[in-house]
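Per chain, numbering begins at 1; letters A, B, ... match sequence-line order.
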There are 2 protein chains.
Amino acid sequence: MTDLDSPQHNHLLNALPDAEYQRLLPHLERVEMPLGEVIYESGGELRYVYFPTTCIVSLLYVMENGASAEIAVVGNDGIIGVALFMGGGGMPNRAVVQSAGHAYRLRGQLLMQEFNRYEGMLHLLLRYTQALITQMAQTAVCNRHHSVDQQLCRWLLISLDRLPSNELTMTQELIANMLGVRREGVTEAAGKLQHAGLIHYSRGRITVLDRPGLEARVCECYRVVRAESDRLLPPPPTLT
Amino acid sequence: MTDLDSPQHNHLLNALPDAEYQRLLPHLERVEMPLGEVIYESGGELRYVYFPTTCIVSLLYVMENGASAEIAVVGNDGIIGVALFMGGGGMPNRAVVQSAGHAYRLRGQLLMQEFNRYEGMLHLLLRYTQALITQMAQTAVCNRHHSVDQQLCRWLLISLDRLPSNELTMTQELIANMLGVRREGVTEAAGKLQHAGLIHYSRGRITVLDRPGLEARVCECYRVVRAESDRLLPPPPTLT
DNA sequence: CCTGGTCTGTACGTTACCGCACACAAGCCT
DNA sequence: AGGCTTGTGTGCGGTAACGTACAGACCAGG
């Protein structure tokens, strides 16, 4: 499956015209993204941007008391480090690998060169950033109005959309940290889904058995984010 | 007080170099922003961008069942319609005037010309957008972890930062819509603040009596957003 | 002045989630 | 095998916010 791991498996890289892609290619460095790795930290400086291919990265805010909440999720649909080209150099949150895999990284300096030189790169990245903004906005809405059950569905579907298989490696404890709820809350919600035959759960290994079933339970937030991504971003690479 | 109502009272316009500002000036149209006016709607197209001077605009998502939640607030620190230069042309939320006043609007086309022609404009707008992103992210966190009391404090301070006086016109019903909570919840929270002598409340008219007191009660979310705005954006115009 | 509408305060039962405590189960190590 | 660590299920009291209902308070208009 080298396919899944080529730079083109990242939708943004794949959307670049060939000439542009070839120019970038020699500078793309394939890196391992182990579970739990912190890609950048609140207040830190961004030396690289990352284009995930097979990993998933969560952007989360860690509160002063240690509690946390997920702001957004980035997989092979996007890029880690938008603050670089947005001009801030950093953001007050943390990026941490939520599902192990690989990514291609690029020196920030090089990205900025392309960003300033080639208009297509600028527009692509800005459109992606807008999709990211929608995801954050909807996270806020979901946190306000929807139940843990619904949020778990949303979270599973978002993760699933960014993975090649229907299985994810993720303890309930971790999910709870992402959603910013109690671990027991996740146990209960997951229990309901498992009971309904939608997923199978076993010691940090979740298998999604009935994706349509999840989609039927999820709140509108998932659909809004999904629709906006589809609208703003190029269709995923046509790998078989 | 024509000072407060000149285009330069908007921080972004004020941050432009004089030549650039002069070029824009003839195209800036002063418009009235009455309470409740919808500036743009989910799915709608953006013909203009707005630079508030004395009004405050809320970005809010309206759910299928009619409930709503505020995503972010824009006042004289920013611009309404970032989706235009981000490339999406629209966003799945609504912008509504939360506090009446004025703004200067500019045809989207013209903004885009400047955005593409003059690098400083691009960087300024992107930095502002990053600050906006931080505000959204923090809204998500706040919705998850903080009490209505704390959120009300945050909301009051955010509004206060964007107004010239210490008084705001706003019924509890409206605040509840913004925060996405019950009206009674706001009554109770406001009651506590009033009892503590921090504010005075009277039929849609809130007077803030003790701003430091509010700051002492507010959650970290306010400070994070504030610090990030200060970091990313030019200092406010030096009006007396 | 009284009346009607709007805004605010209060009360009460219900629910979702929290915090804590602990039992159980599944894999890992020796 | 036995014991340890890690992950999962469950139960229980506490609390914050909800939905609903309604009473008072203020203001405007006839």
Side-chain angles (χ1 to χ4, degrees), chain A residues 35-36 63 65-70 98-99 140-156 167-196 198-207 217 219, chain B residues 35-36 63 65-70 98-99 140-156 167-196 198-207 217 219:
Chain A
L35 177 64
M63 302 204 310
N65 68 12
S68 60
E70 192 178 73
Q98 178 207 102
S99 177
V141 172
C142 209
N143 282 351
R144 163 76 21 214
H145 289 290
H146 298 316
S147 67
V148 173
D149 290 35
Q150 291 174 303
Q151 292 184 47
L152 178 59
C153 287
R154 179 173 67 90
W155 194 89
L156 288 173
E167 201 175 298
L168 35 163
T169 306
M170 181 80 349
T171 69
Q172 299 185 345
E173 176 82 37
L174 279 239
I175 297 181
N177 285 156
M178 301 295 163
L179 296 183
V181 300
R182 282 185 322 156
R183 197 265 312 159
E184 294 90 326
V186 175
T187 301
E188 215 167 324
K192 286 183 203 170
L193 295 182
Q194 178 151 4
H195 196 75
L198 304 181
I199 64 172
H200 175 71
Y201 215 115
S202 159
R203 290 187 78 70
R205 195 171 231 73
I206 311 173
T207 315
R217 293 194 171 218
C219 52
Chain B
L35 178 63
M63 302 204 309
N65 68 12
S68 61
E70 193 177 75
Q98 179 207 103
S99 178
V141 172
C142 209
N143 282 350
R144 162 75 24 213
H145 288 291
H146 298 316
S147 68
V148 173
D149 290 35
Q150 290 174 304
Q151 291 183 47
L152 177 61
C153 288
R154 179 173 66 91
W155 193 90
L156 288 173
E167 199 174 300
L168 37 164
T169 305
M170 181 82 342
T171 69
Q172 298 185 347
E173 176 82 37
L174 279 241
I175 298 181
N177 286 156
M178 301 294 165
L179 297 184
V181 300
R182 282 184 322 155
R183 196 267 312 159
E184 293 90 331
V186 175
T187 300
E188 214 166 328
K192 287 184 203 170
L193 295 182
Q194 179 150 5
H195 196 75
L198 305 181
I199 63 173
H200 176 71
Y201 215 115
S202 159
R203 290 186 77 69
R205 195 170 232 72
I206 311 172
T207 315
R217 292 193 173 218
C219 52

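When rounded to the nearest whole Å, the span between NE2 of B/H200 and P of D/dC26 equals 10 Å. Look at CG on B/L193: it is 15 Å from C1' on C/dG9, rounded to the nearest Å. Distance, B/H195 NE2 to C/dT8 C1': 17 Å, rounded to whole Å. For the pair A/L35 CG and D/dG7 P, the computed distance is 10 Å after rounding to whole Å. For the pair A/Y201 OH and C/dA26 P, the interatomic distance rounds to 16 Å; values are reported in whole Å. One interatomic measurement links the two molecules: CD of B/Q151 to P of D/dC18, which rounds to 10 Å at whole-angstrom precision. The distance between atom CD of B/E188 and atom P of C/dT10, rounded to the nearest whole Å, is 9 Å. Distance B/N143 CG to D/dC18 P: 11 Å, rounded to the nearest Å.
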Salt bridge (charged side-chain N to carboxylate O under 4.0 Å, His left out) between B/K192 and B/D149, intermediate numbers included: CA-CA 8 Å; B/K192 287 184 203 170; B/D149 290 35; 2.9 Å; yes
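Distance check: B/L193 CG to B/L156 CG gives 7.0 Å after rounding to the nearest 0.5 Å. The distance from atom CZ of A/R144 to atom CZ of B/R144, rounded to the nearest 0.5 Å, is 9.5 Å.
No side-chain heavy atom of A/I175 sits under 4.5 Å from any side-chain heavy atom of A/V181.
A/G185 comes within contact range of no nucleotide atom at all, as no heavy-atom separation falls under 4.0 Å. Nucleic acid contact class of B/T171 (heavy atoms, under 4.0 Å, all strands): sugar-phosphate only.
Checked against D/dA21, C/dC17, D/dT10, the side chain of B/E184 finds its nearest nucleotide in D/dA21. Of the candidate nucleotides C/dC18, D/dG7, D/dC26, D/dG7 has the atom nearest to the side chain of A/R203.
Remark: B/R182 is in phosphate contact with D/dC18, judged by side-chain N or O atoms under 4.0 Å from OP1 or OP2. A/Q172 has a side-chain polar atom (N or O) that falls below the 4.0 Å cut-off from OP1 or OP2 of D/dG9.
Nearest-nucleotide positions on DNA chain D for A/E173 and A/R144 put A/E173 closer to the 5' end.
Between the side chain of B/R183 and the base of D/dG19, no donor-acceptor pair of N or O atoms lies under 3.5 Å.
Donor-acceptor pairing under 3.5 Å is lacking for the side chains of B/E184 and B/Q172.
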